[in-house]
Amino acid sequence: MEYDFKKIEEKWQKAWVEKQVFNVSATSGKKKFYLLEMFPYPSGKIHMGHVRNYTIGDAFTRYKWMQGFNVLHPMGFDAFGQPAENAAIKNKTKPDIWTYKCIDWMRQELKKMGFSYDWDREVSTCNSDYYKWNQWIFLKMFEQGLAYKKKSSVNWCESCETTLANEEVVDGGCWRCKKKVGQKDLEQWFLKITDYKERLFEDLRQLKDWPDRVIAMQSNWIGKSEGVEIYFRLEGSDEIIPVFTTRQDTIFGATYIVLAPQHPLVKKIISGKPQEKEALRFINKALKESKVVRSAEDVKKEGVFTGSYCINPVNNEKIPVWIADYVLMEYGTGAIMAVPTHDQRDFLFAKEHNLPMRIVIRPPRNQDTKSPEILTEAYEGDGIQVNSGQFDGLPNQEAKKKIAQWMQDTGIGQIKTHWRLRDWLISRQRFWGTPIPIIYCEKCGIVPVPYEDLPVKLPEEAPFTGRGGSPLSKVEEFLKVSCPKCGSGATRETDTMATFFDSSWYFLRFCSPRFDQAPFDKEEVKYWMPVDQYIGGIEHAILHLLYSRFFTKFFKDLGLIDFDEPFSHLLTQGMVLKDGEVMSKSRGNIVDPDSIIKKYGADTLRLYILFAAPPEVEMEWAESGIDGAFRFLKRTWRLLEYSSKLNKAPNQSPALEKKMHRTIKEVTEDLESFKFNTAISRIMELVNEIYQNRDSDIEKAVKTTVLLVAPFMPHLAEEMWQRLGNTDFLIRVGWPKYDEKLLKEDTVTIVIQINGKLRSKIEVPAGIEEERLKELVLAQEKIRQWIRGSPVKNFIVIPRKLINIVV
RNA sequence: GCGCGGGUGGUGAAAUGGCAGACACGCUACUUUGAGGGGGUAGUGGGGGAGACCCUGUGAGAGUUCAAAUCUCUCCCCGCGCACCA
């Protein structure tokens, strides 16, 4: 009875589809569970990262089914994006043809893994019946003033001829083509996510079942900080330069201020100064650089003196005004007060350019506050105020509050809350995305496309040359329209939406994927949402999750839903590495899941990937581990042979029964916290125990084993279940239960330590009294020799576990 | 630079204050009269010992504790994220 995985896997994959076992509908009275994995970009082939993500999700889905939940587990494709356009340029094909081919391919591969998806709910974001609702949502946002246009200096990739969000710039280069990114001024569409900053920040508290790490990243990204805006007057002028700081306690140590190169006052300040030429050269150079300049270690702190001075309002000191590219126009007021003694970046800059310093906070152990020149680095910690006028002697945290209030009272500054979060640029000068449903009319201006005219469809044909902006702008029949308001000639917006827009609400679409009255059916969403368990890569910890949270809050405000947060539980899985590196085409270290499936079957791949490491951490791909997984499958399979001999077998072994119940308990607990690796190892132990007891009645234990492995290796489990004489699909069979009474042990082994070192063990009745235990231990020959008459200073008893004798 | 993870045998990893290395991979020996990534049994952190056993050991160092892989501090290294965030 060979284990023919190919035949078995095909058989059950077919059966699941034919009997529609994973097709669900909202059924009131039935407890629901919505499990979602981040849908893939259809690049063509699935990679190990997908396999890991979806295997984790599938195992949990099947477990939830067996627990009696009505489980929604959908799959779709995040199908818009630049690779399709690049493929069109390169291969003289069309983005839609390329994309749909890739989707077909990937769907095939996902099916071969035996994942429990309700395929009837599949969506692709590039279908007009999906992106129509992107446009609908955009129009709603436009009505609310949440979608607006502004001119803004954006990252511009010459190679891709497109704007890039800051998020899309990696090491000063385009995140796709890696080429250097410059800047360009364009009228762009933005979404006013900043209107939601308080709620996005406050509601993080609701997300108790998200990893702390992700909460921390989101929190830092939104970046609420309380501080003071301080007003510096330009010397010999009425011009005021506002500066935001959270370190107002260091204001007496501000020895210069620095403006961003884009600061509006820069040109005025330098004009007519001897430094003007040099300053202009520096500014022009800085403006050409992309906005995202990440500090490499060897990057010098570059900057120039403007020739102007301003007045530090707390002590009327005249301090120089500099320009430097380490100050960003986008953050704060585009100007900073520099305190080199207490900010490391300012310190490095001051050293480089020979600027003055003053210590204003004394570290707890350091008395010398007169010689800043001997410092080797800035002191950023807490301490006592010095050289700070009336605030001398106060602990700086206390001074922080007092100084803020004093500034507010005297008008030197104003207490302000500052947020880091900026509005979201969604315009893309690309073809393969959702057209922004806006029309420009010479008479009426910006006119939204009427709802009844949606969707604004992408044209069938467009020239894909890769040059000179978006292909859409060259398609006449798309471009030329009549104004919906006045009927005169007008043109369409040719920008398309960033694909993050598409994925910010797909989890809602899955609840009613064919609904044609609105993006989603309120009633369906009411039943299924929120997503009970969301699973995906850590790389989406900020943007995708933040945007999805933003959309959810927006829908709530529209009255379409009644919850604040879309994802109750979040699991971020680790990456799959090969030889310590991420698998990638460029590194040439990709292991194709398909080749593993051919050789060993999907169940083996699933088992291996779950067994190799806990889901949250990176896992190292080691092919040798596959053999072990394959062996375990065959070993489990062979249990059938022994169970066929069952009839003759005498009673069940009590030890085996005990092990069985213990295993059920442990596996259940492990699954609840996604510890698949230890869950599997416990099942392995149970199987080992069955083999030890194969001469007794093992029927119950084998059946239990089949149920326990069902989430991990479902094809094999279904086949075994059937051969054991059952007819139900496993997801409809209840998850096994354990008997608490059988878990109790009559005796326990207690470890005996002397001075913390393991010296002996003793087996005693489980309920033994402490005094009796003490007697027994001290009577042990070995223990007597170790103690050798020294007085026992301490005798620590940890019930049922351990004794430590201190002598 | 900032933020977040992590460092345990030859390998993937267990153990989250209480027996370090569960479960696997690999390796070694034996075994099964049928080879080719078959099954079974035993062994396997390092050092010492014929042996019962002993010493030692979780990146380095210090601390807390009866007891530390686990908690605290300093340092080193690796990975990931980021908008030099004032």
Side-chain angles (χ1 to χ4, degrees), chain A residues 165-167 169-171 211-217 219-221 223 225 227 243-248 250 258 291-297 299 301 324-328 330-333 335-339 342-346 348-349 418-422 537-542 572 574-575 577 580-582 599 608 611-614 616-632 634-635 638 675 677-685 687-688 691 749-761 782 793-796 798 801-807:
Chain A
N166 287 334
E167 299 76 51
V169 179
V170 179
D171 288 330
D212 292 343
R213 191 170 156 205
V214 176
I215 297 284
M217 284 163 105
S219 176
N220 290 343
W221 189 267
S225 58
V243 158
F244 177 78
T245 182
T246 54
R247 288 301 306 271
Q248 60 273 14
T250 63
V258 188
K291 286 202 286 186
V292 188
V293 184
R294 207 150 296 132
S295 82
E297 270 138 57
V299 164
K301 299 285 170 191
D325 54 9
Y326 79 98
V327 174
L328 302 178
E330 287 73 24
Y331 190 78
T333 59
I336 62 158
M337 64 175 207
V339 186
H342 304 291
D343 182 294
Q344 184 62 15
R345 282 158 306 140
D346 297 342
L348 292 173
F349 191 82
H418 195 266
W419 301 81
R420 294 173 64 217
L421 185 67
R422 299 204 296 265
I538 187 73
E539 66 271 23
H540 295 294
I542 296 174
T572 48
M575 276 178 304
L577 306 182
E581 288 183 314
V582 183
K599 215 165 154 190
Y608 165 66
F611 181 60
E616 301 89 348
V617 306
E618 287 166 353
M619 73 166 274
E620 172 71 24
W621 179 267
E623 191 108 6
S624 59
I626 284 275
D627 281 325
F630 192 47
R631 217 172 291 164
F632 177 67
K634 287 190 286 187
R635 191 170 158 81
R638 277 201 312 276
K675 287 153 111 185
N677 56 334
T678 49
I680 291 165
S681 74
R682 293 183 204 286
I683 300 171
M684 286 173 169
E685 285 180 67
V687 170
N688 289 344
Y691 273 93
T749 304
I750 290 178
V751 170
I752 306 171
Q753 295 181 337
I754 293 171
N755 292 335
K757 276 192 189 291
L758 172 71
R759 291 306 179 196
S760 181
K761 288 179 190 184
K782 237 174 125 179
K793 278 196 227 155
N794 208 345
F795 195 97
I796 290 153
I798 307 297
K801 268 190 181 166
L802 174 142
I803 283 168
N804 192 10
I805 306 168
V806 186
V807 295

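Heavy atoms only: backbone and side chains are in, while hydrogens, waters and symmetry mates are out. Residue numbering restarts at 1 for every chain, and letters A, B, ... go by the order of the sequence lines.
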Chi-based syn or anti call at B:rG9, which uses purine or pyrimidine torsion atoms and a 90° bound: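 With its glycosidic angle within 90° of zero, B:rG9 counts as syn.
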
Please walk me through it: do A:I626 and A:W621 pass side chain to side chain contact (heavy atoms under 4.5 Å, CB included)? CA-CA 9 Å; A:I626 284 275; A:W621 179 267; 4.0 Å; yes

More than 12 heavy atoms from other groups under 6.0 Å of CG on A:N794: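 Yes, because the 6.0 Å sphere around CG of A:N794 holds more than 12 heavy atoms from other groups.
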
Using the [atom1] atom in both, what is the distance from [N] to [M], to the nearest Å?
N      : M      : atom1 : result
B:rC27 : B:rC82 : C1'   : 45 Å
B:rA13 : B:rG61 : P     : 24 Å
B:rA14 : B:rC23 : C1'   : 8 Å
B:rA67 : B:rA50 : P     : 35 Å
B:rG40 : B:rG49 : P     : 36 Å
B:rU58 : B:rG9  : P     : 9 Å
B:rC66 : B:rA29 : P     : 50 Å
B:rG79 : B:rG59 : C1'   : 15 Å

Pairing residues for A:Y691 by the ring-ring contact (aromatic ring centres under 6.0 Å, His included) criterion, not counting sequence neighbours: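 Once residues adjacent in sequence are excluded, the partners of A:Y691 under the ring-ring contact (aromatic ring centres under 6.0 Å, His included) criterion are A:Y642.
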
If the condition is ring-ring contact (aromatic ring centres under 6.0 Å, His included), which residues does A:F244 pass it with, not counting sequence neighbours?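 ring-ring contact (aromatic ring centres under 6.0 Å, His included) check on A:F244 returns A:H418.
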
Taking only the side-chain heavy atoms of A:V327 (C-beta and beyond), determine which of B:rC4, B:rC80, B:rA86 contains the nearest atom.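 Closest of the options to the side chain of A:V327: B:rA86.
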
Closest nucleotide among B:rC54, B:rG40, B:rU56 to the A:K757 side chain: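 The answer is B:rU56.
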
Roughly how far apart are A:H342 NE2 and A:R247 CZ, rounded to 0.5 Å?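 Answer rounded to 0.5 Å: 7.5 Å.
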
Between [N] ([atom2]) and [X] ([atom1]): distance, integer Å:
X      : N      : atom1 : atom2 : answer
A:F244 : B:rC85 : CZ    : P     : 14 Å
A:K634 : B:rG38 : NZ    : P     : 7 Å
A:K599 : B:rG37 : NZ    : C1'   : 9 Å
A:D346 : B:rA86 : CG    : P     : 12 Å
A:I215 : B:rG3  : CD1   : P     : 19 Å
A:L421 : B:rA83 : CG    : P     : 13 Å
A:H418 : B:rA86 : NE2   : C1'   : 10 Å
A:Y691 : B:rU41 : OH    : P     : 10 Å

I need a per-nucleotide contact map over nucleotides 8-27 of chain B, read 5' to 3'. Cutoff is protein heavy atoms under 4.0 Å; write B for the base, S for backbone only, - otherwise. ----BSSS--BB--BBSSS-

Identify whether any heavy atom of A:F630 sits under 4.0 Å from a base atom; if not, whether one sits that close to sugar-phosphate; answer base, sugar-phosphate or nothing.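 The answer is base, as A:F630 lies within the cut-off (heavy atoms under 4.0 Å) of a base atom.
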
Is it the case that the side chain of A:S681 and the backbone of A:T678 share a donor-acceptor pair, with hydrogens and angles ignored and the cut-off at 3.5 Å?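 Yes.
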
Side chain A:D346, main chain A:V339, donor-acceptor under 3.5 Å: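 Indeed, once roles are kept as given, a pair shorter than 3.5 Å links the two residues.
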
Defining pairs by Watson-Crick or G-U wobble geometry with both distances under 3.5 Å, how would you list the stems of RNA chain B with at least three pairs each?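 Listed by first number, the stems are B:1-7 with B:76-82, B:10-12 with B:23-25, B:26-32 with B:38-44, B:45-48 with B:53-56, B:59-63 with B:71-75.
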
Only counting residues at least two apart or in another chain, list the ones meeting side-chain hydrogen bond (donor to acceptor under 3.5 Å, both in side chains) with A:N755.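 A:N755 satisfies side-chain hydrogen bond (donor to acceptor under 3.5 Å, both in side chains) with no other residue.
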
Mind checking side-chain hydrogen bond (donor to acceptor under 3.5 Å, both in side chains) for A:E616 and listing every partner two or more places apart, or none if nothing turns up?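 Counting only residues at least two positions away or on another chain, A:E616 forms no side-chain hydrogen bond (donor to acceptor under 3.5 Å, both in side chains).
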
Per the side chain to side chain contact (heavy atoms under 4.5 Å, CB included) rule, which among A:V807, A:V806, A:I805 passes with A:F795?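 It is A:I805; the other options fail the test.
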
